[in-house]
J.: 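Please see the structure below; I have some questions.
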Amino acid sequence: MKCKYCGKKTAGSAAYCSTYCRQKGEAREQFGRKTRLPFLISLVLAVVAAAAGAVLIAAGRHDQGFLFLSGGLALAGIGMLAFPRSGKGANAFCHVGGALSFALAVAIFLLWR
């Protein structure tokens, strides 16, 4: 079995390879539990804003639509960067996805005018 924190092989069926990894892994899991609700709220608000922007663009109100769309993408990016998930893969996904989402929001905002 592999360590849940560092990925090294562990002896037997232990979840962590050392006390250091246990402390760091449990702290990461606790942070993930504490920030789950703010993370979900920020993503829901971002989806609502982006959907409103898409509706406004489809209705022909491009100025407000692009503003809402870029605001939704920026909120999603900030939410993913501020509240990363507890797993290693999910944490990397949140950092990369958040940065790309925020960069796309800035590009849309700059190209909006």
Side-chain angles (χ1 to χ4, degrees):
M1 187 168 191
K2 289 188 175 187
C3 178
K4 289 172 85 175
Y5 182 73
C6 68
K8 293 180 186 176
K9 280 194 164 189
T10 60
S13 63
Y16 298 100
C17 64
S18 66
T19 56
Y20 174 80
C21 285
R22 177 177 302 282
Q23 290 172 347
K24 292 293 186 178
E26 289 173 354
R28 181 188 287 171
E29 289 173 5
Q30 184 178 8
F31 178 75
R33 283 190 301 271
K34 283 183 179 180
T35 61
R36 184 177 301 145
L37 188 61
F39 176 74
L40 290 176
I41 289 171
S42 69
L43 287 184
V44 166
L45 290 175
V47 167
V48 168
V55 168
L56 287 170
I57 290 170
R61 301 181 74 187
H62 297 287
D63 289 341
Q64 294 90 356
F66 280 114
L67 184 63
F68 270 89
L69 185 64
S70 66
L73 285 171
L75 182 62
I78 290 170
M80 285 194 284
L81 289 172
F83 308 114
R85 301 294 70 210
S86 60
K88 274 189 169 184
N91 193 8
F93 173 76
C94 278
H95 282 109
V96 172
L100 289 175
S101 176
F102 190 76
L104 181 62
V106 169
I108 288 173
F109 184 76
L110 291 176
L111 294 175
W112 164 49
R113 290 282 173 178

J.: Transitively linked via ILVMFWY side-chain contacts under 4.5 Å: F68 with L45?
T.: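 Each belongs to a different hydrophobic cluster.
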J.: Pairs under 3.5 angstrom only: tabulate donor-acceptor contacts from the side chains of residues 77-85 to other protein residues two or more places apart or in another chain.
T.:
unit_1 : atom_1 : unit_2 : atom_2 : d
R85    : NH2    : T35    : O      : 3.4
R85    : NH2    : T35    : OG1    : 2.8

J.: Would the number of heavy atoms belonging to other residues, nucleotides or ligands and lying under 6.0 Å from OH of Y20 be above 12?
T.: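 Result for OH/Y20: open.
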J.: Within this structure, what is the CE-OH distance for the pair M1 and Y16, rounded to the nearest 0.5 Å?
T.: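 Answer rounded to 0.5 Å: 10.0 Å.
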J.: Which residues pass the salt bridge (Lys or Arg N to Asp or Glu O under 4.0 Å) test with R36, sequence neighbours left out?
T.: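 Once residues adjacent in sequence are excluded, R36 has no partner under the salt bridge (Lys or Arg N to Asp or Glu O under 4.0 Å) criterion.
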J.: Is the closest side-chain heavy-atom distance between I57 and F66 below 4.5 Å?
T.: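 Heavy-atom side-chain distance check passes, below 4.5 Å.
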J.: What's the separation between atom SG in C21 and atom NZ in K4, rounded to the nearest 0.5 Å?
T.: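 NZ of K4 is found 12.5 Å from SG of C21.
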J.: Are F109 and L73 linked, directly or through other ILVMFWY residues, by side chains that come within less than 4.5 angstrom of each other?
T.: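 The answer is yes; both residues are in one hydrophobic cluster.
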J.: If Ile, Leu, Val, Met, Phe, Trp and Tyr residues are connected whenever their side-chain heavy atoms lie under 4.5 Å apart, and connections chain through other members, are L75 and I41 in the same group?
T.: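 Yes; I41 is reachable from L75 via cluster members.
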J.: Supply the atom-to-atom distance N91 CG to R28 CZ, rounded to the nearest 0.5 angstrom.
T.: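 Reported to 0.5 Å precision, the distance equals 6.0 Å.
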J.: From E26 CD over to R22 CZ, what is the distance, rounded to the nearest 0.5 angstrom?
T.: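 With rounding to 0.5 Å, CD (E26) is 5.5 Å from CZ (R22).
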